[in-house]
Amino acid sequence: MQDLETKLKEVRARPQQSKRILIVTDGVFSMDGDIAPLDKIVNLAQQFDCVTYVDDAHGDGVLGEHGRGITNHFKLDGKVDFDMGTFSKGFGTMGGYVACSKTAKKYLLNKSRTWLLTGSHSPAVVAASIASLELLEKSNKLVRKLWKNTKYYKKRVKELGFDTGFSETPITPIMTYESDKARLMSERLFEEGVFALPIVFPMVAKDKARIRTMINADHSREDLDFAIEKIEKVGKELGIIK
Ligand SMILES: *Cc1c(COP(=O)(O)O)cnc(C)c1O
């Protein structure tokens with residue numbers, strides 16, 4: 001945030017070069033599972049008269065009341081200029097949305113080439129997206145279950161001695177640091193019945209390889225215990241934990 005503030009000051013000091021500034025951020029970061037400090041970003045945006053854009057692909061259905069996303073999590077409803085999300089993650093379908101002003105909407109509908117020149121989704125996909133949305137609107141049950149599962153799983157994995165990095169969400173990296181170890185751990189887990197993909201350079205820095213585990217609302221306590229047991233077994237085998 002300090003770096004952002006420094007940059008905004010620098011750019012605003014050269015008014016002829018900076019009419020409009022757009023601050024773009026992810027809501028939930030997909031590799032570490034940490035959350036953007038959107039409250040601070042919006043404050044800075046107001047202070048320096050900037051436009052804000054949040055990509056909440058991993059926050060929808062996860063953060064906020066009824067999974068409304070990061071904007072709602074920070075109680076900033078209506079205060080982010082472009083609130084974009086996808087239905088291909090938490091919603092389990094396809095497609096996405098941009099929530100913005102009517103003027104910006106008009107502009108996007110006329111200027112977004114990928115939107116203009118692509119066929120629409122099939123009715124089945126649209127119906128499934130609407131059904132996901134209705135489930136979330138009707139009750140907070142799935143979101144609560146997701147967080148209950150997440151807290152349980154994270155606590156147990158940390159107790160085993162694994163490093164889960166900066167994660168604050170259901171995206172839970174398990175650090176192996178070395179790329180080969182991440183690949184091997186993923187392979188071994190798959191043999192044991194657990195699906196967790198390795199994340200290696202260039203998706204993350206060379207010494208920050210990991211496997212990425214993801215918790216969902218449909219996991220039962222038995223599913224989680226099964227996964228934890230296998231992660232412990234393979235972690236010991238590969239010398240990641242003692
Ligand atoms: C997955 C993802 C998207 C786009 O998702 P689609 O599957 O193309 O709808 C956009 N932004 C981020 C950060 C994502 O993780």
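As the structure is a prediction and not an experimental result, all values here were calculated from the model. Sequential numbering from 1 along the given sequence is applied to the chain's residues. Just so you know, ligand 1 is whichever comes first in the structure, and atom 1 is the first atom listed for that ligand.
For residues 145-170, no pair satisfies ring-ring contact (aromatic ring centres under 6.0 Å, His included), with sequence neighbours left out.
Residues forming a side chain to side chain contact (heavy atoms under 4.5 Å, CB included) with Leu197 (at least two apart in sequence, or on another chain): Phe195. Residues that satisfy the side chain to side chain donor-acceptor pair (under 3.5 Å) test with Thr169, not counting sequence neighbours, are absent from this structure.
Considering CH2 of Trp115 and OG of Ser120, their distance stands at 9.5 Å, rounded to 0.5 Å. Note that NZ of Lys40 is 10.0 Å distant from CG of Leu44, once rounded to the nearest 0.5 Å.
Ordered by chain and residue number, the residues placing a heavy atom less than 4.0 Å from ligand 1 are Asp26, Asp55, Ala57, His58, Thr86, Ser88, Lys89, Gly95.
Proximity of a side-chain donor or acceptor of Ser186 to a complementary backbone N or O of Ala182 within less than 3.5 Å is not detected.
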